[in-house]
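A quick note: this is a predicted structure, and the numbers were derived from the prediction, not measured. In what follows, chains are A, B, ... by sequence order, proteins preceding strands, each numbered from 1.
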Amino acid sequence: MNNITYKNGNVYIDDVKNFDLAMTLDCGQAFRWKEDNGVWSGVAFGKRLKISKENESIVFFDTSKEDFENIWSDYFDFSRDYGKIIDDIKSDEILKKASDFGYGIRILNQEPFETLCSFIISQNNNIPRIKGIIDRLCKKYGQKIDDGLYSFPDAETLSKLTANDLSDIRMGFRAKYIIDASQKVASGEVNLSDLFSLDTDTARTELMKIKGVGPKVADCTLLFSLKHFDAFPKDVWIKRAVEVLFPQGLPECANGYKGIVQQYIFYYSRSGNLNI
DNA sequence: TTCCAGGACCGGG
DNA sequence: CCCGGTCATGGA
């Protein structure tokens, strides 16, 4: 990341490559970002952020150098060269098309517990309703950060609840799963921070100790928060797309990049470009 | 009214 | 191992 300026309480990055706010924040990996007149607002790691892009320059409004370096730089995965990834996978014709289309997607490094809960809630659900459930959960059990903005609740808080307590959140059959996840995380039975350094298969097995966490929810947690860039979440869209596009499996050039390749295929197929 | 949504669990074969 | 039914909720 070159050309970072700290001025008037804002952080500016000039000439940003492979970073589109809408593609990254609204592609289904995160559920708490909202756009208003080109400005995206959200909360992560207990901090609020307003961010926009003007003339190839990204502005982080009201953000200290400390928060940028400690939180946002890693959150937006700025240390990874997505241009090189796209370059490496373009030898496959289909991956070239998909990555050209989703060129601005970056993998977010989100809070593990929030990501785990979000994708538990996502099962057999649609995105608008997922967002609504998470919003109500944060408003009721998170900490107030600013007017109308709340942090994602921590595991200790949620571990003390019953399914009945969560009835007004209207998450349905997933409530018991959220409580089980919270209890296992709060007690240390599942130690999320340990999972960064474990190999992907072992980390997935650990996550699947939680009720309501199968391979897909586990892989989303691994990819979108635990830095397992090789995780490849298989939802209904990906299954359909891979069946049609890669009946004999992913091409070799995808090795090492399966996580972002999954996002390119997901974004591409959901855009309607595949006709499947 | 019925169907479906970034799935997982459960039972039975 | 694989299959179908089931699980809450709400918008289309």
Side-chain angles (χ1 to χ4, degrees), chain A residues 22-33 98 101-102 105-112 114-140 152 158 161-185 190 203-226 228-246 250 258-274 276:
Chain A
M23 289 185 195
T24 298
L25 298 173
D26 204 27
C27 69
Q29 59 174 326
F31 301 98
R32 299 195 63 202
W33 290 92
F101 187 74
I105 301 173
R106 306 185 74 85
I107 301 292
L108 297 172
N109 296 123
Q110 306 177 67
E111 282 184 273
E114 171 178 346
T115 311
L116 171 64
C117 292
S118 297
F119 282 96
I120 287 174
I121 291 166
S122 79
Q123 67 181 257
N124 196 245
N125 214 340
N126 58 64
I127 288 179
R129 216 173 83 81
I130 295 165
K131 289 180 177 175
I133 291 169
I134 293 172
D135 196 51
R136 291 191 289 276
L137 187 65
C138 294
K139 275 195 172 66
K140 186 163 182 188
F152 194 89
L158 298 184
L161 303 178
T162 65
N164 196 42
D165 292 328
L166 289 171
S167 61
D168 56 338
I169 307 293
R170 302 198 296 285
M171 57 173 72
F173 64 90
R174 308 162 192 85
K176 55 183 179 290
Y177 300 154
I178 292 296
I179 290 169
D180 188 64
S182 305
Q183 289 174 347
K184 285 194 167 75
V185 170
V190 174
R204 182 188 300 109
T205 304
E206 279 300 301
L207 288 171
M208 286 173 62
K209 287 179 178 173
I210 297 164
K211 284 178 208 155
V213 177
K216 194 273 179 177
V217 170
D219 280 347
C220 284
T221 308
L222 291 172
L223 178 58
F224 302 133
S225 71
L226 291 167
H228 285 270
F229 206 65
D230 55 335
F232 191 85
K234 293 187 183 103
D235 60 72
V236 288
W237 290 89
I238 291 293
K239 283 175 187 167
R240 275 199 301 263
V242 170
E243 224 170 273
V244 174
L245 301 177
F246 305 105
L250 291 176
K258 283 189 180 171
I260 186 66
V261 162
Q262 191 270 4
Q263 281 305 99
Y264 290 145
I265 297 173
F266 180 74
Y267 187 74
Y268 194 58
S269 62
R270 287 199 51 145
S271 71
N273 275 319
L274 290 180
I276 56 176

CG of A:D168 versus P of C:dG10: gap in Å, rounded? 12 Å
Rounded to the nearest Å, what distance is computed from the CD1 atom of residue A:I127 to the C1' atom of nucleotide C:dA12? 16 Å
Taken to the nearest whole Å, NZ/A:K176 to C1'/C:dA8 is 9 Å
Just call it for A:G212: base, sugar-phosphate, or nothing, with non-hydrogen atoms closer than 4.0 Å on any strand. sugar-phosphate
Interatomic distance where NZ belongs to A:K211 and C1' belongs to C:dC7 [whole Å]: 15 Å
Outermost DNA chain B nucleotides near chain A [under 4.0 Å, heavy atoms]: B:dA5 to B:dC9
Please give, in whole Å, the distance from C:dA8 C1' to A:R170 CZ? 11 Å
Counting any heavy atom closer than 4.0 Å, what does A:R270 reach on the DNA or RNA strands: base, sugar-phosphate only, or nothing? sugar-phosphate
Do the side chains of A:Y177 and A:V217 get nearer than 4.5 Å, heavy atoms only? no
Output the rounded distance in Å from CG (A:N124) to C1' (C:dG5). 12 Å
Has A:K258 got more than 12 heavy atoms of other residues, nucleotides or ligands less than 6.0 Å from its NZ? no
Between B:dC9 and C:dG10, how far apart are the two C1' atoms, rounded to whole Å? 23 Å
Atom CD1 of A:I133 to atom P of C:dG10: distance rounded to whole Å? 8 Å
P gap between C:dC2 and B:dG6, integer Å: 26 Å
Do the ring centers of A:F119 and A:F31 come within less than 6.0 Å of each other? yes
If I pick the P atom on C:dG11 and the same atom on B:dA8, what distance separates them, to the nearest angstrom? 24 Å
Please say whether more than 12 non-hydrogen atoms of neighbouring residues, nucleotides or ligands are located less than 6.0 Å from NZ in A:K140. yes
Under 6.0 Å between ring centres, would you say that holds for A:F101 and A:Y267? yes
Just to be sure I understand the rule, does A:P128 reach a base, reach only the sugar-phosphate, or reach nothing, if contact means heavy atoms closer than 4.0 Å? nothing
On DNA chain B, check which nucleotide each of A:I238 and A:Y177 is closest to and give me the residue with the more 5' one. A:I238
Do any N or O atoms from the side chain of A:E206 and from the backbone of A:V190 form a donor-acceptor pair under 3.5 angstrom? no
Is the shortest side-chain heavy-atom distance between A:R170 and A:R136 below 4.5 Å? yes
